Amino acid sequence: MDYRTEIAVRIAVATGLDAETTNGLIEVPPQKELGDYAFPCFALSKTLRKAPAFIASELAADPGLGASWIEKVESVGPYLNFFLDRGHVASTVLTAILESGIHYGDGDEGKGKTVIVEFSSPNIAKPFHVGHAFTTVLGNSLSRIYSKLGYRVVRMNHLGDYGTQFGKLITAYRLWGDEQALRSAPIKELLRIYVKFHEAEKDDPSLGITARENFRRLEEGCPDERALWEKFRDMSLKEFSAVYEKMGVSFDNYNGESFYGDRIPEVVKLLNEKGILTESEGAQVVMLDEYGLPPCIIIKSDGTTIYASRDLAAAMYRYDTYGFYKNIYVVGLPQALHFKQVFAVLEKAGLPYAGDCVHVGFGLVKFKNMKFSTREGNIVVLDELLDESISKTREIIKSNALIRDTGMSDEGIEEVALKVGIGAVIYTYLRAGRERDIVFSWEEMLDFEGDSAPYLIYTYARTRSILRKASERGITDIEISKTDFLLLTSDDETGVVKLLAEIPDAVSRAAATNEPFMVARLAAQIARAFNRFYNNSAILSGTDIALRNARLALCEATCAGILICTDLLGIEVVEQM
RNA sequence: GUUUCCGUAGCUCAGUUGGAUAGAGCGACCGCCUCCUAAGCGGUAGGCCAGCGGUUCAAAUCCGCUCGGGAACACCA
């Protein structure tokens, strides 16, 4: 049952307001000593012409506000505070979670609707660095969140597989390419010749001309250039796939920029039909003055296409193919203007889905005292970061295994190191609002205490451990019907229960704002509340059988809750660590 | 220069449509393993919510200005 709505209805009856209004006014008090829900009476003071505090005390005495599940109603100043019956809440919430398991919080708001999530989108032949990890992790989490709410999600990897840099690469490869090196470490070799090209071009400007010529030949479909491009693309993709697999990320398709290239004539045709394509300084543009935006270039003055035209073609293709409800672009904040322009062109062209396209931007990944440039080759590759995190995790597990005598096998340790180490990296991207810049430092990325994925996973693992021991002792009958949840009324127990109850709301808010950190934050709160309970209460070792079973049920529900959240973030848990 | 985002504890960040005494984590300091995993738990210290003015019964939150920082700004993506 929904306590808030029930309370809103009762207040509505008592005050003469409609239930929707009262529901909107109800808030959660800042301190738990002030109850579970509060109704501020300021809004009533004008119509009733009484002081808010007086109204509150009058309402507190109204018997119509009572219910079996309400422990008491109190007025404190202008607020009317509701205290729920803790046992009743525990019973409602835990029954719901234990019945639904991992499906607790599933929604149906997305039923029959398709959401497209474009994310990751690395550039072919360039290293997959810690900046790409942001869109990858964010997009993956958003995909999972929308899926949980019933949306059909199409995950698209809009590969950067097109553009003038391929002219440079072809040129460089013909001059300095090492077939052997390319085979063993493709991106490393491609980066090497790319960097070399830029160095050499400083002394020999003719290289640039050759590069442009090679790009032109590639665009025209000349077989030699085309074959090299395909080779670079395939080999890069193979390397990216390894990272994706490691991180548990998958895509429904890899239609990159090149895929939309031959659809651009249709875009130009449509914009011409609508009469919004004009010539300016030799280029074909759409003027966007009425939106307060600079013109959007569709065709450059040399007749070639540009990324805006490819994004327009992509949006149209996606609508024609999927009829999307939302078309989400998980792309860095610096491209905000570009997307405003593209969406404005769609709107100006009269396309009804223009308003359903959203740019989900995110902050920069920066370094302390470090420049960051692909051309100069000084970047932090995601793989390095993951390896560092994994090996740190491995060290901790090994030393714990000695201290605790866990008896974990080498394979077991390795599996846990992978999951926890990678989870730790994923979490650092999702713990704060996405528009925040992440100032990269190894120290913070590898901090495994407090607000971190290892903390969440650790909480899960130690809880599983209790449940494992319970079942070893033959306690397998903690069926919902036989569990007396009414016994769970301590501050610590209630703290966990109330947070678990927030999961469904956190998921929908995360989707509505495209902010996975709302899920991450709740997960951390649940884990913290549970650890407090764990520390202060005997769970399995208690002598009261009914209480022991109720607490075991709370453990079970907490595991489900943490699992739901970590799953939405794209983080895997382990049974033991 | 124009547009835009931001400024909350030493550091990293939360703070719902304005509401009660502004909260976490890290770091610092002090405690807690004869007991279910100490990657844990408790406690203390630490704030003029950048500054000034305005709207309001009520402002970290809304509006204006100032200061400070980031980003974007037509033929790269």
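Residue numbering restarts at 1 for every chain, and letters A, B, ... go by the order of the sequence lines. This structure is a prediction, so every number in the text was calculated from the model and none was measured.
Using a 4.0 Å heavy-atom distance criterion, A:I397 is classed as a base contact. A:Y534 comes within 4.0 angstrom of a nucleotide base, judged by non-hydrogen atoms across all strands. Contacts of A:D437 with the nucleic acid, taken as non-hydrogen atoms under 4.0 Å apart, involve only primed sugar atoms and P, OP1 or OP2.
Side-chain to base pairing of A:S452 with B:A39: no donor and acceptor N or O lie closer than 3.5 Å to each other. Counting distance only, with no hydrogens placed and no angle test, the side-chain atoms of A:S465 and the base atoms of B:C36 include no donor-acceptor pair under 3.5 Å. Judged by atom type and distance alone, A:N535 does not reach the base of B:A38 through any side-chain donor-acceptor pair under 3.5 Å.
Residue A:R462 places at least one side-chain N or O closer than 4.0 Å to OP1 or OP2 of B:A38. For B:A74, neither phosphate oxygen OP1 nor OP2 lies less than 4.0 angstrom from any side-chain nitrogen or oxygen of A:Y307. Contact annotation: A:R436 side-chain N/O to B:A14 OP1/OP2 distance is under 4.0 Å. Applying the 4.0 Å criterion to OP1 and OP2 of B:G25, one finds that A:Q525 has every side-chain N and O outside that range.
Comparing atom distances between the A:P295 side chain and each of B:A74, B:A38, B:A20 picks out B:A74 as nearest.
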Check the interface with nucleotides 26-30 of chain B: list each N/O to N/O pair with the protein under 3.5 Å, or write none.
none

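Taking a pair as Watson-Crick or G-U with both hydrogen-bonding distances under 3.5 Å, the stems of three or more pairs touching RNA chain B are B:1-5 with B:69-73, B:10-13 with B:23-26, B:28-32 with B:40-44, B:50-54 with B:62-66.
Within 6.0 Å of the CD atom in A:E290, the count of heavy atoms belonging to other residues, nucleotides or ligands exceeds 12.
Using a 4.0 Å cut-off between a side-chain N of Lys or Arg and a carboxylate O of Asp or Glu, A:R216 and A:E213 qualify as a salt bridge.
B:C33 has its base syn relative to the sugar, with a glycosidic angle deviating from 0 by at most 90°.
Between the side chain of A:N23 and the backbone N or O of A:A19, no donor-acceptor pair lies under 3.5 Å.
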